[in-house]
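In this text the structure is predicted, and so the values were computed from the model without any measurement.
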Amino acid sequence: MDKKSVRWLQWAREVQALSQSGLAFCNSEYDRQRYERLAGIAAEITSACSHLDEEDVKKLFLTHPGYATPKIDVRSAVINDGKILLVQESMDKRWTMPGGWADVGDHPSETAVRETKEESGFTVEPIKVIGVFDANRSEHDLEFFHAFKIVFLCKLISGEAKPSNETLDAAFFSFESLPPLSHHRTNLKHINEIKEHLLNPGRKTFFD
């Protein structure tokens with residue numbers, strides 16, 4: 001998708017963040033109403049440029065209290081015999097590295113281990129951080145909230161492929177024969193960086 005075609009999303013995201021941070025620190029009813037109106041404007045923009053209901057979007061925006069900060073998405077690059085583990089998402093039927101949102105109180109590496117076990121059935125051990133990616137600055141920029149993505153290179157310990165309530169399947173694929181990717185979760189930028197680390201184990205952690 002052309003980045004120009006999602007400028008509306010960048011505007012809506014920024015307005016929503018201003019609203020969320022403003023609501024976290026406002027001291028008067030007047031300020032509260034103004035910042036809630038900003039959330040309404042962000043919802044109007046989103047609804048007008050998508051198929052989503054305006055009131056549903058506004059409720060979503062208002063359910064994230066506190067100062068607006070990026071969310072953290074953790075992914076596991078599990079390599080076995082030169083193949084990478086991918087899981088098939090129930091939501092879009094496409095494939096991604098196992099992972100998900102980090103929970104409050106968890107170490108990022110704990111998130112990688114837990115999500116991989118839950119989504120694929122495999123137990124893994126994080127070895128190193130492949131990279132820290134800005135999830136909102138890519139070819140497929142469609143997330144409402146700003147997010148950073150941490151990709152861990154992981155060692156396979158044990159287990160067998162087992163789907164979950166969020167995944168339909170789990171399997172290892174060669175890098176030359178990847179299935180259709182769930183681009184918001186895993187894209188070729190992540191895959192190519194993983195390949196570079198496999199070729200050069202001393203490669204520095206990627207960040208953008």
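With rounding to the nearest 0.5 Å, the separation of CZ in Arg7 from CD1 in Ile45 is 11.5 Å. The CG atom of Asn192 sits 11.5 Å away from atom NE2 of His197, with the distance rounded to the nearest 0.5 Å. Between atom CD of residue Glu36 and atom CG of residue Leu23 there is a gap of 5.5 Å, rounded to the nearest 0.5 Å. To the nearest 0.5 Å, atoms CZ (Phe206) and NZ (Lys189) are separated by 4.0 Å.
Between Phe122 and Phe172, a ring centre-to-centre spacing shorter than 6.0 Å is recorded. In summary, the aromatic rings of Phe133 and Phe148 are positioned with their centroids too far apart to meet the 6.0 Å limit.
More than 12 heavy-atom neighbours from other residues, nucleotides or ligands sit within 6.0 angstrom of CZ on Phe173. Within 6.0 Å of CD on Glu14 lie no more than 12 heavy atoms contributed by other residues, nucleotides or ligands.
Take Asp106 and apply the side-chain hydrogen bond (donor to acceptor under 3.5 Å, both in side chains) test, not counting sequence neighbours, and it matches Arg114. Residues satisfying the side-chain hydrogen bond (donor to acceptor under 3.5 Å, both in side chains) criterion with Gln88, sequence neighbours excluded, are absent altogether.
Contacts classified as salt bridge (Lys or Arg N to Asp or Glu O under 4.0 Å) and involving residues 75-91 (residues at least two apart or in different chains) are given here: Asp73-Arg75, Glu89-Arg185.
The two residues Ala12 and Ala42 come nearest to each other via the heavy atoms O-CB, 3.5 Å. Closest heavy-atom contact between Trp95 and Ala171: CZ3-N, 4.1 Å. Residue Asn165 comes nearest to Ser90 through the heavy atom pair O-OG, 3.8 Å, listed as atom of the first residue, atom of the second, then distance.
Using a 3.5 Å distance cut-off with no hydrogens or angles, the side chains of Asp134 and His146 do pair a donor with an acceptor. At a cut-off of 3.5 Å, with distance as the only test, a side-chain donor of Thr116 or Ser76 sits close to an acceptor on the other residue.
Look at Glu54 and Lys58 and you find no salt bridge, because none of the NZ, NE, NH1 or NH2 atoms lies under 4.0 Å from a carboxylate O. Electrostatic pairing of Lys93 and Asp169 does not count as a salt bridge here, judged by no charged N lying under 4.0 Å from a carboxylate O.
Leu62 is not listed as a side-chain neighbour of Tyr35, based on a closest heavy-atom distance of 4.5 Å or more. In this structure, Leu86 and Thr96 have side chains that are not in contact, with every pair of non-hydrogen atoms separated by 4.5 Å or more. Residues Arg94 and Leu181 fail the side-chain proximity criterion, which asks for heavy atoms closer than 4.5 Å. At least one side-chain heavy atom of Gln33 sits under 4.5 Å from a side-chain heavy atom of Glu29. Contact annotation: the side chain of Ile79 approaches that of Leu153 to within less than 4.5 Å [non-hydrogen atoms, C-beta and beyond]. Side-chain contact between Lys128 and Phe152 is absent, with no heavy-atom pair separated by less than 4.5 Å. The shortest side-chain heavy-atom distance between Thr123 and Leu156 does not fall under the 4.5 Å cut-off. In this structure, Thr111 and Ile72 have side chains that are not in contact, with every pair of non-hydrogen atoms separated by 4.5 Å or more.
One hydrophobic cluster, built from ILVMFWY side chains closer than 4.5 Å, cannot hold both Val113 and Val129; they sit in different ones.
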